[in-house]
Structures are given as structure tokens and as C-alpha cells.
Number of protein chains: 2
Amino acid sequence: MPKENKSRYAILGLLSFMPCSGYDIKKMTDNSLKFFWSENYGHIYPLLKELEEEGLADSKKVDSGKGPSKNVFSLTAKGKKVFESWLKSAESRQRYRIEILLKMFFSSHLSVKEIVAKLEAHICEQEELLEEYKKVEAEFAEIPQKRYRLSAVITLDYGKRHAQMVIQWARECIKTVNSL
Amino acid sequence: MPKENKSRYAILGLLSFMPCSGYDIKKMTDNSLKFFWSENYGHIYPLLKELEEEGLADSKKVDSGKGPSKNVFSLTAKGKKVFESWLKSAESRQRYRIEILLKMFFSSHLSVKEIVAKLEAHICEQEELLEEYKKVEAEFAEIPQKRYRLSAVITLDYGKRHAQMVIQWARECIKTVNSL
DNA sequence: GCGCCCATGTAACTAGTTACATGATTCA
DNA sequence: TGAATCATGTAACTAGTTACATGGGCGC
């Protein structure tokens, strides 16, 4: 019974950059990972506790002087090993659940007009996302170190390509539907 | 507290085509929806029961003569209404969790060689998927009715574009990583 | 008689979300 | 003084998966 829980690796990965509190982890996922990964407190805090019990992380109360004291977790040697072994492992087949496709699959219950409206709304959403990606990209362009920038460039590029792909797909769909 | 459970709509949608048993639904998701939607028995049977309790579906024992008797569910008028109202509603913001991106985000823990190997494995997987899509597409091309074919064409096209996009992204990544 | 497919279902589990409770500090 | 942010955590819930138990019919 191997644990398939990927959240633990996201957390271990963030700890590999620097020691973090649960709050820090939430902030980092909300900032850096939000386009392809999210976590919430209800998952983070219990997971941190679990990681500590398994000896993959250890915690230390830190009183920074300002603000309330933090419970800061850092990666243990064992945690680093577990994380890196995941990093090198093959991705497990992920489950796809694409709501727009489910709706399109059942689109014979809709009029052509309704289908087109839905697709146009989808295009609009993706265009907004694309704009957001471009904004974030512009911010990252100012970071000079190549190696550090790599991960941001690669993941953002994926997002941009994805949004563009969906937009093109939806445009083609509209053409197809209109030609019926 | 609105129910976000999308599986119920997938099931209602399949029932909208024809009355089905739990077993039938599993087969249909495994055949027609598998590229973008999946369900398993542990979810289907309890959900069918729930849908019946809510008056969205009703069941009838059917003894087909051959094989064991089936518990066949069909959509009620109320079920049809609920399904169509979902169909017309806006998609709820879906959560992204893309494992390969999470790994790429942490790729500074890997050597260039390891990163490239991972990306190449990913390309390989997507190429296999693409082949699968093309095979299914060839089968569908033989169905003459335009309207019936629509959903299959649209959803398959999405899959193909997605796989191609990922392959191109990964190829670009390999170039970028090698140029460091 | 064996293996495969049809068919239904449950129990135990893992995963993930939402809402809430709490309280300190910082800054306008 | 009141709003925003820092900070931790739990309870209750929804969602989804895996593994198992059961048994009939069909074809070889």
C-alpha cells in the first residue's frame, strides 16, 4: 500500500528550499505554485505533523521577536532522501477530469447557440489566465540567475501553451458546431 | 453548501442517453469517457442509490433472460432538469495538480541528464497516448451521423491537441535545459 | 471443470476542502 | 480602535480509490 499522496512531496520540496512553517507553505503554494498546485491549511498542518512523526521533517518553535512564534519545520536527511526518490521516480498516471469535455460530450442536449456561448465563455476565461501568466512572466524576467529562473520559466511556459491550446481548440469547436 | 460532486452529473448524463445499470455505467465510462473522465464501482453504486433517494433516478429490476438480473436506473423528469441545469451552468474553477510541473519546479535537485531523461520519458508517454487517440478517431470516422459524432470529435480533438502541446513543451524544455 | 465475463455491492481507506475558533501584532 | 496580516489548528465534511466478497452463466 504505497502512499500516493503527492501533497507530502510538494511540502517536502518546499522544505528543501528552506525551513518553513505551515503558514509559510501556504503562502508559497499560493504564490509560486498556484498555477499547477494548491494546498490548504486543513491539509498542510496535519501533513506536517505526519511528516514529523515519520522522521522526514523536524520542527522547532521559533520566536522571531515580531509577530507570534512560528513552528518551523525543516527537512531531515531521511526526508531529503524520500523527496529525491520521488523526484526521480516515474509520474503515476494521473486521472483526468475535464468538466468542459464532459459537458461537450453531452452537448446534444444543448442548442447550437448554447454550445457556442459556453465555448466562448471558456475562451474568455483562458484568455484571462494567459494574461495573468504573461504578467508573472514579466516579473520573472528580471531575475538574473539562469538556473534559479529555470523552474519558473518551464512551468509558466506550460501554462501559456495550455491556455493557447484550449483557446484554439474551442475556436475550432465553434467553427465545427456552426457548420452543422 | 452546494454539492460540487461532478460524478453525479456524469452518471445523470449517461442515464440521459439510455437507462443503465451500475455495471453499464462503469463500462461506458471505461469506453467512451476514459480519456477525460473515470468512475469506479465504489463510487457508482452508492451514487446511484443517492440519486434514487433524491428522486433524480429510479430503478427497476430487469431480468433479461440471460445472465444475472440487472438493477436498471433511468432518469426521472426531475433528474433531467437537474442534469440540464448543470449542463448550462458555468464550469467551476477546477483545481490543477500537474505532477510533472511539480517535479520540474524542484528540478534544481536533479542533474541536467536526469531532467532530460524525465522529459523524454514524458514525451514518450504522450506519444503513446496520441497514437491511442488516433486509433479511436479512425474508428469514429466510420460513424455517419454528424450530430452524434460531434461529441466524440470534439473531445478527441482536445486530447490530441493536449498531447501535442505537452510534447512540444517538453522538447522546448530539453533545449532550454541543455543550453544551461 | 476452469476461466472469463456479467453483475452488485460494501468496508476501509486515502485525499482534499470548508468553515470555524483562536489570538497576537502591525499599521493607519 | 479597528482592519489587515501573521499564525496554528481542528471538526466536519465531500470526494474518490482499492480491495474484497459473492454468485450466476457461458463457452471451451
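Here is the naming used below: chain letters follow the sequence lines, and residue numbers restart at 1 for every chain. Just the heavy atoms: all of them, side chains too, but no hydrogens, waters or symmetry mates, feed the values below.
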Rounded distance in Å - NE2 (B:His43) to P (C:dG9)
16 Å
Whole-Å distance between D:dA19 P and B:Ile44 CD1?
17 Å
Check the phosphate of C:dA15 against A:Ser7, side-chain N and O only, distance under 4.0 Å to OP1 or OP2. Yes or no?
no
Just N and O in the side chain of B:Arg97: are any of them under 4.0 Å from OP1 or OP2 of C:dG16?
yes
Using a cut-off of strictly less than 4.0 Å between a heavy atom of the residue and any atom of DNA chain D, enumerate the qualifying residues of residues 25-42 of chain B by number.
B:Asn40, B:Gly42
Calculate the interatomic distance between A:Leu47 atom CG and C:dT14 atom P; express it in whole Å.
12 Å
Could you state the NZ-P distance from B:Lys6 to C:dG16, rounded to the nearest angstrom?
16 Å
Do B:Ser59 and B:Glu52 have a side chain donor and acceptor closer than 3.5 Å?
yes
Can B:Thr29 and B:Glu39 be counted as having a side-chain donor-acceptor contact under 3.5 angstrom?
no
Do any side-chain nitrogens or oxygens of A:Lys49 fall under 4.0 Å of OP1 or OP2 in D:dT8?
no
What residues, two or more places apart in sequence or in another chain, satisfy side-chain hydrogen bond (donor to acceptor under 3.5 Å, both in side chains) together with B:Glu84?
B:Lys80
Does B:Lys26, at its NZ atom, have more than 12 non-hydrogen atoms belonging to other residues, nucleotides or ligands within less than 6.0 Å?
yes
OH of A:Tyr45 versus C1' of C:dT18: gap in Å, rounded?
16 Å
D:dT8 C1' sits how many Å from A:Lys60 NZ, rounded?
19 Å
Short side-chain donor-acceptor distance under 3.5 Å, B:Arg97 and A:Ser38:
no
Does a side-chain N or O from A:Ser21 land closer than 4.0 Å to OP1 or OP2 of D:dC6, or not?
no
Under 4.0 Å, heavy atoms only, any strand: does B:Lys61 hit a base, just the sugar-phosphate, or nothing?
nothing
Considering just the side-chain nitrogens and oxygens of A:Asn5, establish if one lies under 4.0 Å of OP1 or OP2 belonging to C:dA15.
yes
B:Glu50 has an atom CD; how far is it from atom P of C:dG9, in whole Å?
15 Å
So, A:Trp86 versus B:Glu99: side-chain donor-acceptor pair below 3.5 Å or not?
yes
With respect to the phosphate group of D:dT8, does any side-chain polar atom (N or O) of A:Tyr23 fall under 4.0 Å of OP1 or OP2?
no
Where the side chain of B:Pro46 is defined as all heavy atoms beyond and including C-beta, which of C:dA7, D:dA7, C:dT10 is the nearest nucleotide?
C:dT10
A:Glu99 CD to D:dA15 C1': how many Å, rounded?
14 Å
Classify the side-chain pair A:Lys6/A:Ser92 by whether it contains a donor and acceptor separated by less than 3.5 Å.
yes
